[in-house]
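Only one structure is covered here, and it is reproduced in the block below.
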Amino acid sequence: MAERTQLIHHYLRHNKKFPHVYCAGCGHGIALGSLIRSVHALGWSKDEVVMVAGIGCSGRMAVYVDFNTVHAVHGRALTIATGIKLSNPNLKVIVVMGDGDALSIGGNHFIHAARRNIGLSVLVLNNNIYGMTGGQCSSTTPLGATTTTTPFGQMEKSFDLVELAAAAGANYVARASAFHAQGMDKLMQATFTHRGFSLLEVVSPCHTQYGRKNKFKTVVDMYRWLKESATPLEQYRKLSAEKAKGRIPLGVFVDRDEPSLEERYADLRADQTAQAGRR
Amino acid sequence: MSKKKGQSKVTVYPDWCKGCGLCAAFCPAKVLEIGADGKARAVREEDCVDCGFCELHCPDFAILVTPKDKSRRKDNHVVPAARE
């Protein structure tokens, strides 16, 4: 069990300023630890991993880890990752985005990357808010929540990221929570090794911008809420609609085994080369 | 994972700790506490059951739980040369 922290320190770029920029108790830090543990557990070398991150709190993650990293433009992390994966399919491309990055600004890229089923491992760190830019409401802010741009409560319905990705055609869709780090490790390893577009949504509490405005006194209260409301998917499906309200199902939602875009492309290329050779 | 108490040493790096209080709030044996300086510290190390919660959930990688018995320590931090 123990001695994981030394391992994490091994994968960090110590010339960057530490401790990291995340606020006290931010779930992104836990997700970063889980990411490093998962990469180590899979036995990948630092050089074969490419990490592409967008803009926002989650975008800082690419700065801290000692892999090949790209800090992309806002919402376009998936497009850059698509280019990297197609040019060298042997690389393990991990895309880290926030909810604003993946669903609001890069929403179109997100659904089309899922539709193409390209072999990317996508982590969406969902904190229900635009944290870094000052707490504006995002497309995953729950109905009625107070933010700096919705002082009387959010009036729009929020996206369900998991259902969106499943409908768009992703091969693997799962949800983990920052409070359940061991479960997150398992799901993250599955996400990294799964064929095709694999998505892991991490429910990550943001106290500074979201919690303080929504009746969470301390960051610990947010984790208590997460502990109480998180439910394994199997149990969640058995609950009545009334009881399921407000609960967060965690687990694997979609597990398909369809060939990914780069595999199809490799097949096509082999076919065409063979035909050209026969002529 | 050892079920016996007090076989682990809990180290907190104060420079990295931001004092969020997650470790102190969720430690099952109440080993950690937030001190007057706003940093976590191990006050009842002898009660530690080595569950590893604090180490896994510290967002700032500031807590280290190691076996007191040196022979039981893993060599995690040194990655084999072949993998570099």
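Per chain, numbering begins at 1; letters A, B, ... match sequence-line order.
- Inspection of non-hydrogen atoms places no residue of residues 201-215 of chain A under 4.5 Å from chain B.
- Along residues 16-37 of chain A, the residues that come nearer than 4.5 angstrom to chain B, judged on non-hydrogen atoms, are A:Phe18, A:Pro19, A:His20, A:Val21, A:Tyr22, A:Cys23, A:Ala24, A:Gly25, A:Cys26, A:Gly29, A:Ile30, A:Leu32, A:Gly33, A:Arg37 in order of number.
- In this structure, A:Phe67 and A:Val39 have side chains that are in contact, with non-hydrogen atoms separated by less than 4.5 Å.
- For chain B, the option among A:Glu48, A:Met184, A:Arg224 with the highest count of heavy-atom pairs below 4.5 Å is A:Arg224.
- Contacts with chain A (heavy atom to heavy atom, under 4.5 Å) involve these residues of residues 20-34 of chain B, listed by number: B:Cys20, B:Gly21, B:Leu22, B:Ala25, B:Phe26.
- Taking 4.5 Å as the limit, every side-chain heavy atom of B:Asp50 sits out of range of all side-chain heavy atoms of B:Gln7.
- Of the possible polar contacts, none joining the A:Asp101 side chain to the A:Met97 backbone as a donor-acceptor pair under 3.5 Å is found.
- Shown here for A:Gly135 and A:Thr148, the closest heavy-atom pair between the two residues is O-OG1, 2.7 Å.
- Annotation: side chain of A:Tyr223 is not in contact with side chain of A:Thr218 (no heavy-atom distance under 4.5 Å).
- The two atoms that bring A:Gly59 and A:His71 nearest to each other are O-NE2, 3.5 Å, heavy atoms only.
- For the atom pair CZ (A:Arg247) and CD (A:Gln235), the distance works out to 8.5 Å, reported to the nearest 0.5 Å.
- Against chain B, no residue from residues 121-131 of chain A qualifies, as none has a non-hydrogen atom under 4.5 angstrom away.
- Using cut-offs of 30° and 60° on the angle between ring planes, the pair B:Phe61 and B:Trp16 is tilted.
- A heavy-atom distance below 4.5 Å is not found between the side chains of A:Thr69 and A:Val63.
- Side chains of A:Leu161 and A:Asp99 form no contact here, defined as non-hydrogen atoms less than 4.5 Å apart.
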